[in-house]
Amino acid sequence: MDHTTSPAEYLAPSALPAQPALPDPLVTFGGGDVETVTDWKQHRRPEIRRAFEHYVYGYAPARPSIDIETKQTTTVLDGRATLTERTIHIAELPADAPSIDLAVFTPATRDTAPVFLGLNNTGNHGVIDDSAVTITDTAAESGLEDRGVASEYWCLEQLIDRGYGLATFHPADIDPDRDDPTDGIRQYYDDLPVPSVAHWGTIATWAWGLQRGVDALSEDRTVETDGIAVIGHSRLGKAALLAGALDERIDLVVPHQSGTGGVTPARDNDQETIAAITEAFPHWFNDVFPAFGGRPERLPVDQHLLVSLVAPRPLMDTEGARDYWTNPGRALDSVRAADPVYELHGETGIVNDGLRSGDDAITPETVGRLLQYRRETAHTLNRGYWDAILDFADIHLS
Ligand code: GCU
């Protein structure tokens, strides 16, 4: 099987060989060994990427030009943070096409700061209770009116106090979370040069939107060079991981409780299966992926290979020990299975068993570039996670 050919020549899922174990990141689809970073960059990385696009998430359009419109700059948190609101327009699309309303909060005391970029599901004004934050059209249309409802989730004060910024937008800016390819940005790209079954699903669309956020942050002089982290929770964590895998401008990736379609492999996953996720959320993936329901062993890839595309950049997989549906134990296998790609790059991925929990110290001595971190929680994000995430970021972004 060779995945270096054009998408039209890819094999149908039913014709693919069964491979019960997680595929080796350092063996090509054609059976060749990946022995050098050059082999990885020139052959293996691109073929893994294409296989995810073809079989799982779908192909997204090429990087477009963007126009950035600054709407306001003001201060919040008693002057400790600067809020800049920008609208990102996709230059090649008509004026009434979707655009991204990005809110960027940065520490007022610093000229530049590393920034976490993440999709929110409460509207930008859910991040802090402050009337300065605009309730965007998308948020209003989605019925999201409450300010600060997610303040204990984003912990903005804590980020600012530790010298980090936060950039965020609502996923419906780019694609509403519904099984309808015509209500977001995808309707403007129905001429993608690949079979329609392999067109992008909603997760790929959100990831593409995050990449447009990266476009904007890369031009923002208040964002530290090499200081862009991407975070996302659950379905938005799947998108964060995909963006981090595809876009090497992202310096740190934090998929939080991302589960199936995120860090957790499809193989040997007794929680959310491919059949279950594609039945419940058919729009998240492309139209090839459902055919792997009941036969995950025929997938040429699995999620550890998406993690491995992040290499050698740092990745922290944060999980809730009681968040059973995401299958943290199986996610840990995925993180560990990506380690050989870090090693190939001469970087330390896994240190010890690659797992830290609760109040375990996260220091340069105890963690490498690949980590799973667990807390005793169900499906949520809170201050305890941020303490650990910022410790990890302190090691890798400074
Ligand atoms: C559902 C879905 C998960 C997803 C989660 C979420 O539980 O099955 O795959 O991660 O929603 O986004 O909260």
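Quick caveat, the model's predicted, so the values are computed rather than measured. Counting convention: from 1, in listed order, for ligands and their atoms alike.
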- Quick check: are there more than 12 heavy atoms from other residues, nucleotides or ligands sitting under 6.0 Å from CG of Asp191? yes
- Task: Compute the ring centroids of Tyr55 and Phe292, then answer whether they are less than 6.0 Å apart.
- Result: yes
- Message: Can you list every protein residue that has a heavy atom under 4.0 Å from any atom of ligand 1, sorted by chain and residue number?
- Response: Ser234, Arg235, Lys238, Glu272, Ile277, Phe281, Trp284, Trp325, His379
Pairs under 3.5 angstrom only: tabulate donor-acceptor contacts from the side chains of residues 88-104 to other protein residues two or more places apart or in another chain.
from   : atom 1 : to     : atom 2 : distance (Å)
His89  : NE2    : Glu69  : OE1    : 2.6
Glu92  : OE2    : Tyr189 : OH     : 2.6
Asp101 : OD1    : Thr87  : OG1    : 2.8

Under 3.5 Å, sequence neighbours excluded: what are the donor-acceptor pairs made by side chains of residues 150-157?
from   : atom 1 : to     : atom 2 : distance (Å)
Ser151 : OG     : Gly148 : O      : 3.0
Tyr153 : OH     : His233 : ND1    : 2.8
Glu157 : OE1    : Arg80  : NH2    : 2.8

- Give every residue pair that meets the salt bridge (charged side-chain N to carboxylate O under 4.0 Å, His left out) criterion with at least one member in residues 286-310, sequence neighbours excluded. Arg267-Asp302
- Task: Establish, from distance only, whether the side-chain atoms of His170 and Ser142 form a donor-acceptor pair under 3.5 Å.
- Result: no
